[in-house]
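Side-chain atoms are counted along with the backbone in the values below, which use heavy atoms only and exclude waters and symmetry mates.
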Amino acid sequence: MSPPSRRLQTKPVITCLKTFLISYSLIFWFTGVILLAVGVWGKVNLEAYFSLAADESTNAPYVLIGTGAIIVIFGLFGCFATCRGSPWMLKLYAMFLTLVFLAELVAGVSGFIFRHEIKAKIGVAYKNAVKTYNSTDSRGAAVNYIQMNLHCCGVNNYTDWAETDYFKEHGIPVSCCKDNTKCSPETLKDLDKASTEVFPVGCFTKVTTTMESNLGIIAGISFGIAFFQLIGIFLSCCLSRYITNNQYEMV
């Protein structure tokens, strides 16, 4: 047992640590909310890009949503553990923060290392999607979404559609048109006439640029949150150690 004077001196330190850790846990909880929002945003705005590469790639937004939900739960757990002053809860909280730190660090590094492979995969997938374009399937819908929203047409330019089976029957897709009211079926079946009515820029560059910029935002958020965990790990371990060594109990 430590002398009463020492315990009295330790109380302000523990109170200070508790205050910092509760503040940290609330901020940590808020980062979980941000990840949830980014995941939902990615699901709504980037699903077309993910769906081009492979069916399993569409799970990426769900990973962010799931991670955000877990962080929200453990952020609340961290506040509860701090208020209770339970050493084993604080250690469990520190272990969770360590796992989150390692997972986000590995994910961020992997995304940075393989970003060129991801770009190449998206490029090949988009070329295949244009080549096998069908206006009624999911890939066709993704191509239409990209062409309308990025104001582009084809892979490198609108003439790429001339090599597709769809062009032989229907011409260039209407999603390539600058103004739908000026794009008649006859115009879309003639490359010379269509040249002034469709977007002249190809989609490959725009798709990869958009993907890289959005992945950069997500990677930056992930790295920031990852290193933010170190503060929580330090505070949790310090508070747990102080409480254990001094047999401090909340009244």
Side-chain angles (χ1 to χ4, degrees), residues 21-84 86 88-122 125-126 138-139 141-142 145-146 149 207-208 210-237 240:
L21 188 55
I22 289 176
S23 300
Y24 168 85
S25 297
L26 290 174
I27 296 173
F28 182 55
W29 173 85
F30 186 67
T31 62
V33 175
I34 292 176
L35 278 181
L36 272 173
V38 171
V40 173
W41 172 79
K43 176 63 179 173
V44 173
N45 293 281
L46 301 181
E47 184 176 14
Y49 306 122
F50 288 126
S51 64
L52 287 173
D55 292 336
E56 62 269 17
S57 294
T58 56
N59 291 328
Y62 293 112
V63 172
L64 286 174
I65 293 172
T67 302
I70 293 173
I71 289 177
V72 166
I73 293 172
F74 269 87
L76 295 175
F77 175 80
C79 292
F80 177 74
T82 305
C83 293
R84 284 290 303 273
S86 172
W88 73 267
M89 285 185 178
L90 291 169
K91 290 177 182 177
L92 180 62
Y93 186 45
M95 288 177 60
F96 169 75
L97 292 176
T98 302
L99 291 176
V100 172
F101 169 75
L102 294 175
E104 291 179 344
L105 194 61
V106 169
V109 172
S110 298
F112 179 78
I113 292 175
F114 296 109
R115 68 189 187 283
H116 296 299
E117 292 183 21
I118 295 173
K119 179 178 178 180
K121 184 178 180 181
I122 293 293
Y126 190 78
S138 60
R139 282 196 168 190
Y145 176 87
I146 290 170
N149 284 273
V207 167
T208 52
T210 301
M211 285 294 296
E212 285 184 338
S213 62
N214 287 315
L215 287 175
I217 294 172
I218 294 174
I221 293 174
S222 298
F223 272 117
I225 294 175
F227 284 100
F228 185 64
Q229 315 311 326
L230 296 177
I231 301 174
I233 295 169
F234 173 77
L235 290 174
S236 298
C237 291
S240 175

Identify all side-chain donor-acceptor contacts of residues 225-232 below 3.5 Å with residues at least two apart in sequence or on another chain.
| residue | atom | partner | partner atom | Å |
| --- | --- | --- | --- | --- |
| Gln229 | OE1 | Tyr24 | OH | 3.2 |
| Gln229 | NE2 | Ile225 | O | 2.3 |

Sequence neighbours left out, cut at 3.5 Å: what donor-acceptor pairs do the side chains of residues 89-102 make with other protein atoms?
| residue | atom | partner | partner atom | Å |
| --- | --- | --- | --- | --- |
| Tyr93 | OH | Ser25 | OG | 3.1 |
| Thr98 | OG1 | Ala94 | O | 2.8 |

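Considering only residues two or more places apart in sequence or on other chains, Leu76 meets the side chain to side chain contact (heavy atoms under 4.5 Å, CB included) condition with Trp29. With sequence neighbours excluded, the residues satisfying side-chain hydrogen bond (donor to acceptor under 3.5 Å, both in side chains) with Ser86 are Trp88. Residues meeting the ring-ring contact (aromatic ring centres under 6.0 Å, His included) test with Phe77, sequence neighbours left out: Phe74.
Formation of a donor-acceptor pair under 3.5 Å by the Thr31 side chain with backbone atoms of Phe28 is found in this model.
Note that OG1 of Thr82 is 3.5 Å distant from CG of Leu21, once rounded to the nearest 0.5 Å. In this structure, CD1 on Ile27 lies 10.5 Å from CD1 on Ile34, to the nearest 0.5 angstrom.
Screening residues 68-78 for side chain to side chain donor-acceptor pair (under 3.5 Å) gives no qualifying pairs among residues at least two apart or on separate chains.
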